[in-house]
Amino acid sequence: MRKHILIVLALIVVVAAGFWFWISRPDVARVTEAAVMGARPDITAPRDQWVPTANVATAIGWQDGKTPAAAPGLAVNAFATGLDHPRWLYRLPNGDVLVAETNSPPRKGGGVAGTVMKYLMGKAGAGVPSANRITLLRDADGDGVAEARSVFLSGLNSPFGMTLVGDSLYVANTDALLRFPYQAGQTRITAKPEKIMALPGGGNHWARNVVAAPDGKHLYVTVGSSSNIAENGLDAEQNRAAIIEVNPESKDWRLYATGLRNPNGVDFDPATGQMWAVVNERDMMGSDLPPDYLTTVSPGDFFGWPWFYWGGYPDNRVEPQNPAMQEYSKRPDYALGAHTAALGLAFARAPLLGDHFARGVFIGQHGSWNRKPKSGYKLIFIPFDDNGFPTKDAKPVDVLTGFLSPDESKAYGRPVGVIEGDSGLLVADDVGNAIWRVSKAGGAPAAR
């Protein structure tokens, strides 16, 4: 009996070792990260992979007073620390900041591959149980550090996006859009929520963002795909990989834009009113493909997922194929690099960081876990021209870096949501359990 057990254990070790070799095999990028960025990225030939190459930066948090590194002319300080996996931010009209302390709900199944991937994502900081709350942070004296905090909402289900319209605060749980009554200045909401609509839950992409149109009449909710490329069938993807438009009064809704594998950050250009979004693209095509992207989004747009990427390149792994949709696949406006996990998005609305950062977008790139070499792990700025698009031949400007150890094996932090605060940017760091404030070097804190 013991001999049989030893044989079984040996087979398990051999299989596990073989599986680890398979996912760790040398799939190294053939082009630089910069080549997969911009309006005209280098779209190389795909490399089909059963599972992604593993190249995970182990999450260790910030130690010994370390902080991220700000670009020349800028400064960084901790606005708040000691949080529990802060992912998303929202600034209330009185200057209070809401932070969603949250993570994926428990995931079931997946077999051997699923177990290994859960392990890898755990190393990357994605396996932290969700605190399921929204915390309010207040910087009453305007010194750039929140000296007061309180649990604003609790008992939520993997909350993410938040937006205020009038006296109603909308929160996007992973499985529902909720509405809470809000009074200016309050530090905790105890009222029961009103359910505006159910949202499809489960699967690979759990985060649901919600933003309000500039006129406040509609809400826009992002829902990522359940799978990588619809390998579980299209029925499992119903009303997913999309941005949903919701009328909060009638509770009617429609699919506003589709074919977006995992849209997260959404914002409206304050100069033109145009909606923009950042989207995470598919895996298992190699380290170079396909690029995550920043793009305009208009009613009826289709961006190709699962059949096509980057405006019409076919993904031959998808079954069944749908060639008739190729001509309708909209090409995104700006590539953000392969597997950078672009999540946060905020337009510059005031020259808080100086004239060089007065027109354009800030993007929080959570960072790759399946690319060699690693990509993302920073906050970048994309300058815009007077026509409301990324400046011709614009190069991303690194605003906040230093989230990786020098050998890139460890992650001190990973940036996610970004918003404008009173006197600088605020960036949520879910691995570092902090919110960083980026401001002009030597700039005086805002008066309150």
Side-chain angles (χ1 to χ4, degrees), residues 87-93 97-100 160-165 169-172 177 207-224 242-246 256-257 260 262-280 292-299 301 303 330 332-336 340-353 357-366 379-391 394 396-397 399-400 415-422 424-428 435 438:
R87 294 275 291 189
W88 211 244
L89 302 170
Y90 185 77
R91 183 181 181 276
L92 293 168
V97 174
L98 301 181
V99 52
F160 193 77
M162 303 157 279
T163 192
L164 181 69
V165 180
L169 178 71
Y170 294 90
V171 176
L177 177 63
R208 310 285 179 255
N209 192 15
V210 57
V211 299
D215 62 7
K217 293 182 179 180
H218 291 92
L219 304 176
Y220 296 90
V221 181
T222 67
V223 182
I243 296 176
I244 299 173
E245 181 183 71
V246 184
Y256 184 81
L260 301 135
N262 188 24
N264 276 268
V266 174
D267 199 5
F268 292 88
D269 186 336
T272 66
Q274 174 66 54
M275 177 191 288
W276 289 77
V278 287
V279 180
N280 294 177
D292 295 344
Y293 57 84
L294 165 73
T295 189
T296 55
V297 183
S298 298
D301 280 349
F303 287 86
K330 179 178 177 178
D333 292 287
Y334 195 92
L336 296 170
T340 58
L343 299 177
L345 174 65
F347 270 92
R349 287 174 164 79
L352 297 175
L353 304 186
F357 301 100
R359 181 77 176 102
V361 293
F362 297 96
I363 296 173
Q365 295 188 309
H366 199 225
L379 174 73
I380 62 174
F381 176 77
I382 310 283
F384 272 40
D385 60 25
D386 292 337
N387 296 317
F389 285 90
T391 304
V397 179
V399 179
L400 205 59
V416 193
V418 54
I419 59 171
E420 287 190 331
D422 286 333
L425 295 179
L426 297 178
V427 184
I435 295 174
V438 185

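Everything numeric in this text was worked out from a predicted model, so none of it was measured.
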Quick check: does any side chain N or O of [X] sit under 3.5 Å from a backbone N or O of [Y], one acting as donor and the other as acceptor?
X      : Y      : answer
Asn387 : Phe389 : no
Thr222 : Asn209 : yes
Tyr170 : Ala212 : no
Glu420 : Leu426 : no
Asp292 : Thr340 : yes
Glu245 : Pro299 : no

Consider side-chain contact (heavy atoms from CB on, under 4.5 Å). Of Leu379, Leu343, Leu345, which one does Ile363 pass it with?
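Exactly one pass, corresponding to Leu345.
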
From [atom1] ([X]) to [atom2] ([Y]), nearest 0.5 Å:
X      : Y      : atom1 : atom2 : answer
Asn264 : Arg87  : CG    : CZ    : 7.5 Å
His218 : Ile244 : NE2   : CD1   : 13.5 Å
Leu425 : Leu353 : CG    : CG    : 4.5 Å
Gln274 : Phe347 : CD    : CZ    : 8.5 Å
Leu260 : Tyr293 : CG    : OH    : 4.5 Å
Ile435 : Leu89  : CD1   : CG    : 4.5 Å

Just do the side-chain contact (heavy atoms from CB on, under 4.5 Å) check on His366 and Asn280 with the steps written out, would you?
CA-CA 11 Å; His366 199 225; Asn280 294 177; over 6 Å; no

Just wondering, more than 12 heavy atoms not from Asp386 lying within 6.0 Å of its CG?
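Check fails, neighbour count at 12 or below.
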
Over all heavy atoms of both residues, which pair between [X] and [Y] is shortest? Give the atoms and the distance, please.
X      : Y      : answer
Phe357 : Ala348 : O-CB, 3.4 Å
Tyr334 : Ala394 : OH-O, 2.9 Å
Gly161 : Trp88  : CA-CD1, 3.9 Å
Ala346 : Val418 : CB-O, 3.4 Å
Gly216 : Val165 : O-CG1, 3.7 Å
Val399 : Ile380 : CG2-C, 4.0 Å

In this structure, is the centre-to-centre distance between the rings of Trp276 and Phe384 below 6.0 Å?
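Close enough - the centres of the two rings lie under 6.0 Å apart.
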
Matching residue for Thr296 among Thr272, Asp333, Asp301, Asp269 - test: side chain to side chain donor-acceptor pair (under 3.5 Å)
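With Thr296 as partner, side chain to side chain donor-acceptor pair (under 3.5 Å) holds for just one option, Asp333.
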
Taking the six-membered ring for Trp, are Phe362 and Phe381 parallel (under 30°), tilted (30 to 60°) or perpendicular (over 60°)?
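Tilted: the ring planes of Phe362 and Phe381 meet at 30° to 60°.
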
Test Tyr256 against Met275 for side-chain contact (heavy atoms from CB on, under 4.5 Å), laying out the working first.
CA-CA 11 Å; Tyr256 184 81; Met275 177 191 288; 3.8 Å; yes

Quick one, Val246 with Val210, criterion side-chain contact (heavy atoms from CB on, under 4.5 Å). Give me CA distance, side-chain angles, the key distance, then yes/no.
CA-CA 10 Å; Val246 184; Val210 57; over 6 Å; no

With heavy-atom distances below 4.5 Å as the criterion, would you say the side chains of Pro93 and Leu164 are in contact?
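Yes; the side chains approach each other to less than 4.5 Å.
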
Do Ile419 and Tyr90 have side chains that approach each other closer than 4.5 Å (heavy atoms only, starting at C-beta)?
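Heavy-atom side-chain distance check fails, nothing below 4.5 Å.
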
Between Arg91 and Asp422, does at least one N-O distance fall below 4.0 Å, as a salt bridge requires?
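A salt bridge links Arg91 with Asp422.
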
For Asp267 and Arg349, what are the C-alpha separation, side-chain angles and deciding distance, and is it a side-chain contact (heavy atoms from CB on, under 4.5 Å)?
CA-CA 11 Å; Asp267 199 5; Arg349 287 174 164 79; 2.9 Å; yes

